[in-house]
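Heads up: the structure comes next, in structure tokens.
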Amino acid sequence: MEICTLCPRECGVKRPLHKNDPGRPGFCRSPWLPQAARAALHLWEEPCLSGKNGSGAVFFSGCTLRCVFCQNSIISSENKGWEVTPEALRRIYQDLISQGAHNIDLITATQFIPMILESLKDPLPVPVVFNTGGYEKKETLRLLEGKVQIYLPDLKYVDDSLALRYSNAPRYFETAADAIREMYRQTGPYKLDKDGIMQKGVIIRHLILPGHTDDSKRVIDWVAKTFRPGEVMFSLMRQYIPCGRADEFPEIDRTLTDEEYNEVESYLFASGIEDGFVQEEPSADEKYIPAFDGTGIIKEL
């Protein structure tokens, strides 16, 4: 197999083709063949993605970030999932589209991009969403040009000390900022159809972390400075609940206070950013974490 340098970590290992084959899987702990834990209509993305029917969400296993607070840690860090070929992925997409999915939402798929590209060899009748933690190489993103119509990146931190502490991601902000600029270069300004469903563009997500409202303001400042109204959407998220290894980091082992969220939301409203979304308090609830039980995956194997 080829040496893997897909993500900014550039592990340079020869990842095995299958999970149990000899070889070194690298930071993401993933083989070359995709592993996925769930494929189903998902109603909890931004309204312009979920619409009435839902986004066709495919949750992949493994991650190039593995944030300590990840609510999907059972798949991102523990790599729970089932192996799928590009052909099986194509059938999964078609099944989701037949159920009415407004798009195909590829969640945390960077480590599987070569096989993802095979599954997208022929265009789909709905947009493809690349849903990512933002820690991406521009060179890797360029492989997706023309195959992905919508990018859904996180912009988690501006302060690289936070990125190192919670995601072990050197130069996170510089890397993610460059990646988001590349995403926008590919898609151009966002476009919605007559029903308000996104057809192309970039939605930048930011999850407020407890105790770190100042960094959230710096994220908002960068987005407001970098993009003009009508170019990208911004999604401010208050859904943080302590998950994964958050109990090892006392300062984030709690939910947001109303005061913290209101402080950042007010800052956003005063920033000049006009296009996007905010979340209400009930979003911080474990009931919104999907069951990673092989739904939509196992039947295709």
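Because only heavy atoms are used, hydrogens play no part in the values below, and waters and symmetry mates are left out as well, while side chains stay in. Numbering starts at 1 and runs along the sequence shown.
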Are the side chain of [X] and the backbone N or O of [Y] linked by a donor-acceptor pair below 3.5 Å?
X      : Y      : value
Lys191 : Lys200 : no
Ser61  : Lys80  : yes
Asp160 : Phe173 : yes
Glu260 : Gly211 : yes
Lys217 : Val264 : no
Gln186 : Leu141 : yes
Asp159 : Ser161 : yes

| request: Walk me through it: do Lys156 and Leu65 pass the test side-chain contact (heavy atoms from CB on, under 4.5 Å)? | output: CA-CA 11 Å; Lys156 294 179 181 291; Leu65 278 175; 3.7 Å; yes
Looking only at non-hydrogen atoms, find the nearest pair between [X] and [Y] and report the distance.
X      : Y      : value
Gly62  : Ser30  : CA-OG, 3.8 Å
Leu49  : His102 : O-CB, 3.8 Å
Leu120 : Arg90  : CA-NH1, 4.0 Å
Ala57  : His42  : CB-CB, 3.6 Å
Met237 : Gln279 : CA-OE1, 3.2 Å
Gly296 : Ile92  : O-CG1, 3.6 Å

| said: Parallel, tilted or perpendicular, judged at 30° and 60°: which one describes the rings of Phe112 and Phe60? | reply: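 Phe112 vs Phe60 ring planes: tilted.
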| message | Is the ring pair Phe69/Tyr166 parallel, tilted or perpendicular, if the boundaries are 30 and 60 degrees? | response | perpendicular
Separation between [atom1] of [X] and [atom2] of [Y], rounded to the nearest 0.5 Å:
X      : Y      : atom1 : atom2 : result
Cys28  : Asn79  : SG    : CG    : 7.5 Å
Arg205 : Asn131 : CZ    : CG    : 5.0 Å
Glu78  : Asn72  : CD    : CG    : 11.5 Å
Ile150 : Phe130 : CD1   : CZ    : 13.5 Å
Glu46  : Met233 : CD    : CE    : 9.5 Å
Arg66  : Tyr135 : CZ    : OH    : 12.5 Å

| query | Should we say atom CZ of Arg142 is surrounded by more than 12 heavy atoms from elsewhere, each under 6.0 Å from it? | reply | yes
| field | side-chain contact (heavy atoms from CB on, under 4.5 Å) between Asp258 and Arg238, intermediate numbers included | value | CA-CA 10 Å; Asp258 288 341; Arg238 71 176 297 173; 3.2 Å; yes
Quick check: is [Y] connected to [X] through a chain of hydrophobic side chains (ILVMFWY, heavy atoms under 4.5 Å apart)?
X      : Y      : result
Phe234 : Val278 : yes
Ile180 : Val129 : no
Phe27  : Leu33  : no
Ile220 : Ile203 : no
Leu152 : Ile273 : no

When you compare the side chains of [X] and [Y], does any donor N or O come within less than 3.5 Å of an acceptor on the partner?
X      : Y      : result
Thr213 : Tyr267 : no
Asn103 : Glu45  : no
Ser119 : Tyr93  : yes

| field | CA sep, side-chain torsions, deciding dist, call: Thr5, Lys137, side-chain contact (heavy atoms from CB on, under 4.5 Å) | value | CA-CA 9 Å; Thr5 58; Lys137 288 174 58 175; 4.0 Å; yes
| task | Could you walk me through whether Tyr190 and Tyr184 pass side-chain contact (heavy atoms from CB on, under 4.5 Å), step by step? | result | CA-CA 9 Å; Tyr190 72 85; Tyr184 180 76; over 6 Å; no
| SB check Arg181 Asp178 (cutoff 4.0 Å) | yes
| said: Evaluate Arg185 against Glu182 for salt bridge (Lys or Arg N to Asp or Glu O under 4.0 Å), listing each step before the verdict. | reply: CA-CA 5 Å; Arg185 183 196 68 78; Glu182 170 61 22; 2.8 Å; yes
